[in-house]
Amino acid sequence: MASKNSVAIINEIQRKALADLASVSSIYELQQWKVFYLGRNGKLTSILRNLRTLAPEDRRNSGIAGNQAKLLLEEEFNSRVMEVEKSSISSKTSEDSIDVTMPGRPFPSGGLHVITQTLREVCGIFTSMGFSVAEGPEIEWDHYNFEALNIPKDHPARDMWNTLWVDFTDEEGNHPMLLRTHTSPMQARIMENNTPPVRVVIPGKCYRFEATDATHEWHFYQIEGLAIDKGITFADLKGTLYEFARRFFGEERRVRFRCDYFPFVEPGVDMSIDCFRCDGQGCKVCRNTGWIEILGAGMVHPKVLAGFGCDPKEYTGFAFGMGPERITMLRHGIEDIRHFYTNDLRFLEQF
Ligand code: PHE
């Protein structure tokens with residue numbers, strides 16, 4: 001009876017100990033549990049210690065049951081220690097500690113518009129060649145936009161520019177103000193306040209009364225260039241623009257000059273680069289010609305020079321005008337100029 005009782009007590013202690021162990025959740029509680037059941041005066045230890053008071057046959061059964069229970073509880077204790085330790089480490093990393101090796105959360109920051117990037121890069125190339133940078137008004141007088149550039153009223157050359165006139169009438173009933181159609185009026189403004197030698201580039205917005213399509217916007221940028229000094233020749237124009245093309249489009253680029261007409265230059269040219277997509281073989285980008293036109297240029301017309309207050313016998317100069325949208329489209333393979341100004345972040349964020 002006594003032994004049966006002892007075995008039953010041992011089983012009961014074991015059951016209780018295992019149940020307690022399962023609900024223990026800290027190392028401190030584990031230590032307390034160990035003292036309570038397996039310690040020197042613990043529940044199980046006391047029973048084992050008193051075995052000798054039992055009858056011999058009961059002693060045996062209780063001894064076996066007690067030692068088995070002790071082994072089992074020690075084993076369970078050890079594995080519970082591991083579990084509790086593990087979970088306390090993982091809860092630390094998720095809640096209590098800072099992992100200083102983790103990369104920071106990206107902070108959404110703005111960027112420069114791709115056309116701004118082009119303007120800066122182009123101006124940077126020219127400043128490295130000794131040019132300075134200037135800017136001017138987007139609402140301009142007829143005088144600067146046309147007259148000073150050898151395009152008098154009723155001259156057919158005005159048809160080259162589709163103009164947005166400003167609703168302002170002078171005493172004679174004329175509309176003398178407009179949204180500038182090109183950056184060339186700045187040539188005259190610069191020459192009003194400077195004497196040669198002059199080397200300047202002028203980035204800025206221009207406007208034309210255009211129906212928009214993939215290659216035309218009613219507003220766009222230009223970068224104007226002007227160099228005036230004694231002894232400037234067409235070779236200087238070619239050398240400067242060739243250097244620009246190589247720096248912007250790549251060392252291996254070749255350039256081509258062809259006659260073109262602008263009333264304020266003589267001779268006037270357009271400059272093309274050999275197609276960087278097909279290396280001049282002919283493809284969609286260059287419309288199978290192998291060449292891509294990137295700017296208009298020429299030697300400043302003697303009449304225009306005289307208007308600037310420079311004696312054309314003493315001074316010469318060259319001027320050029322390029323479209324930053326066009327060269328950006330070429331460089332990145334952008335097929336529609338309207339992408340630049342519709343503010344779709346999916347487009348803009350690519351640059
Ligand atoms: N202003 C001209 C245009 O808008 C470009 C140009 C500038 C041509 C300077 C020659 C010299 O088409």
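Computed from a prediction, not measured in an experiment: that's the story for all the values here. By convention here, the first residue in the shown sequence is residue 1.
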Item to complete: Identify the heavy atoms of Asn174 and Pro176 that sit nearest to each other, and give their distance.
Response: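 Distance-wise, the nearest heavy atoms are O-CD, 3.1 Å.
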Worksheet item: For the ring pair (Phe, Tyr, Trp, His ring centres under 6.0 Å) test, which of Phe244, Phe257, Phe126 pairs with Phe320?
Response: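 With Phe320 as partner, Phe244, Phe257, Phe126 yield a single ring pair (Phe, Tyr, Trp, His ring centres under 6.0 Å), made by Phe126.
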Discussion item. Is a donor from one side chain sitting under 3.5 angstrom from an acceptor on the other, for Ser128 and Arg247?
Written reply: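 Side chains of Ser128 and Arg247: pair found under 3.5 Å.
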Practice prompt. Examine the side chains of Ser184 and Glu224 and answer whether a donor and an acceptor come within less than 3.5 Å of each other.
Written response: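 Distance-only check passes for Ser184 and Glu224.
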Practice prompt. Tell me whether Leu112 is reachable from Ile334 by hopping between hydrophobic residues (I, L, V, M, F, W, Y) whose side-chain heavy atoms are closer than 4.5 Å.
Written response: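 In one cluster: no.
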Identify, with sequence neighbours excluded, every residue that meets side-chain contact (heavy atoms from CB on, under 4.5 Å) alongside [X].
X      : result
Val35  : none
Glu29  : Val24, Ser25, Ser26
Ile151 : Phe146, Leu149, His155, Ala157, Arg158, Trp161, Pro263, Phe264

Fill in: Pairs involving residues 310-321, ordered by first then second residue, that meet side-chain hydrogen bond (donor to acceptor under 3.5 Å, both in side chains) (sequence neighbours left out)
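Matches after skipping sequence neighbours: Lys230-Glu314.
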Item to complete: Could you pull out all residues at least two apart from Thr240 that satisfy side chain to side chain donor-acceptor pair (under 3.5 Å)?
Response: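 Thr240 satisfies side chain to side chain donor-acceptor pair (under 3.5 Å) with no residue once adjacent residues are dropped.
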Item to complete: Could you identify which residues cluster with Met102, counting Ile, Leu, Val, Met, Phe, Trp and Tyr as linked when any side-chain heavy atoms lie under 4.5 Å apart, either directly or through a chain of such contacts?
Response: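 When side chains under 4.5 Å apart are linked, Met102 ends up in no cluster with other residues.
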Practice prompt. Kindly say whether Gly63 contributes a backbone atom to a donor-acceptor pair with the side chain of Asn67 at under 3.5 angstrom?
Written response: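 Yes, the answer is positive, given that a donor and an acceptor are paired below the 3.5 Å cut-off.
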Practice prompt. Indicate the ring-plane relationship of Phe347 and Phe340, choosing parallel, tilted or perpendicular according to the 30° and 60° boundaries.
Written response: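 Geometry flag for Phe340 against Phe347: perpendicular rings.
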